[in-house]
Student: 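Before we start, here is the structure in question, set down as structure tokens.
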Amino acid sequence: MVVVFRQQRRYVHLTHWGAAEIESDGRQLTSVRPWREDPAPSRILENLAAAHRHPARIDQPYIRQGWLEHGPAAAARGSDVFVPVSRETALDLLATELRRDGRMECSGGPMVGPARAGSTMPRASCTGS
């Protein structure tokens, strides 16, 4: 359901933490509230509108500088600095590495790959050809 009022849009959206009423100005979320008919709403929903603009959020792809300069065998792993790259560059590098490693099919989601008991972290899985 979408209601448009002066460029402000409202959506009912299902999240991991329950149903929410979300408002957007077309550029960013302006409000997230638990759905009015939820009998036991999660307070986590109240953080979602600000969370996607939080300074701790990664704003674009980053890659280790040594890897960019010297390839995947660069030795500074764990102590190297990360540098920003465009999404296009990141996707091109990922595709190159998947081809090099023989893994051409990837998918992701909360239960892809070996499931870990109690884990809610998204996982990605790549299968070889």
Side-chain angles (χ1 to χ4, degrees):
M1 173 179 77
V2 177
V3 179
V4 178
F5 180 72
R6 292 188 200 174
Q7 299 299 327
Q8 191 75 6
R9 293 184 172 107
R10 289 188 202 152
Y11 304 87
V12 175
H13 183 74
L14 298 178
T15 73
H16 181 76
W17 303 279
E21 296 180 33
I22 297 175
E23 293 184 17
S24 168
D25 64 6
R27 294 180 348 118
Q28 63 185 13
L29 297 178
T30 56
S31 172
V32 179
R33 293 181 306 279
W35 185 47
R36 63 184 161 270
E37 295 186 37
D38 188 341
S42 171
R43 299 217 44 217
I44 292 174
L45 293 170
E46 298 169 12
N47 295 320
L48 293 182
H52 76 283
R53 295 184 309 272
H54 193 275
R57 186 173 172 92
I58 297 172
D59 59 345
Q60 69 182 80
Y62 287 78
I63 297 179
R64 286 188 301 111
Q65 185 173 4
W67 192 93
L68 280 174
E69 293 172 356
H70 307 292
R77 187 173 191 162
S79 62
D80 207 353
V81 297
F82 284 84
V83 294
V85 297
S86 69
R87 283 176 173 75
E88 293 79 16
T89 297
L91 288 172
D92 287 346
L93 291 169
L94 174 62
T96 299
E97 284 303 297
L98 291 174
R99 280 191 295 274
R100 183 183 68 82
D101 201 31
R103 296 186 180 122
M104 294 301 294
E105 297 179 25
C106 292
S107 61
M111 296 309 289
V112 174
R116 293 175 290 155
S119 172
T120 58
M121 295 299 294
R123 298 186 51 93
S125 175
C126 296
T127 58
S129 49

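Heavy-atom basis, side chains included; hydrogens, waters and symmetry copies ignored. Because the structure is predicted, anything quoted here is derived from the model rather than measured.
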Student: Quick one: does Gln60's side chain have a donor or acceptor within less than 3.5 Å of a partner on Val85's backbone?
Tutor: yes

Student: Is the backbone of Arg9 close enough, under 3.5 Å, to the side chain of Ser24 for a donor and an acceptor to pair up by distance?
Tutor: no

Student: Output the distance between atom OG (Ser86) and atom CG (Asp92), rounded to the nearest 0.5 Å.
Tutor: 7.5 Å

Student: Once rounded to the nearest 0.5 Å, what's the spacing between atom OG1 of Thr30 and atom CZ of Arg10?
Tutor: 9.5 Å

Student: Can you name the nearest heavy-atom pair linking Pro34 to Pro41, along with the distance?
Tutor: CB-CB, 3.2 Å

Student: Do Leu68 and Leu91 sit in the same hydrophobic cluster, where Ile, Leu, Val, Met, Phe, Trp and Tyr count as joined when their side-chain heavy atoms come under 4.5 Å apart?
Tutor: no

Student: Locate the shortest heavy-atom distance separating Ile22 from His13; write the atom from each residue and the value.
Tutor: CD1-CB, 3.5 Å

Student: Any donor and acceptor pair, going by atom type alone, linking the side chain of Asp80 with main-chain N or O of Arg64 inside 3.5 Å?
Tutor: no

Student: Donor-acceptor check, side chain of Glu21 to backbone of Arg36, threshold 3.5 angstrom: yes or no?
Tutor: yes

Student: Let me confirm one number: the CD1-OG1 distance from Ile63 to Thr89, rounded to the nearest 0.5 Å.
Tutor: 7.5 Å

Student: Show the nearest heavy-atom pair for residues Pro61 and Ala90, with the distance to one decimal.
Tutor: CB-CB, 3.6 Å

Student: When hydrophobic residues are tied together by side-chain contacts of less than 4.5 Å, even through go-betweens, does Trp17 share a cluster with Leu14?
Tutor: no

Student: Looking only at non-hydrogen atoms, find the nearest pair between Leu45 and Ala19 and report the distance.
Tutor: CD1-O, 3.6 Å

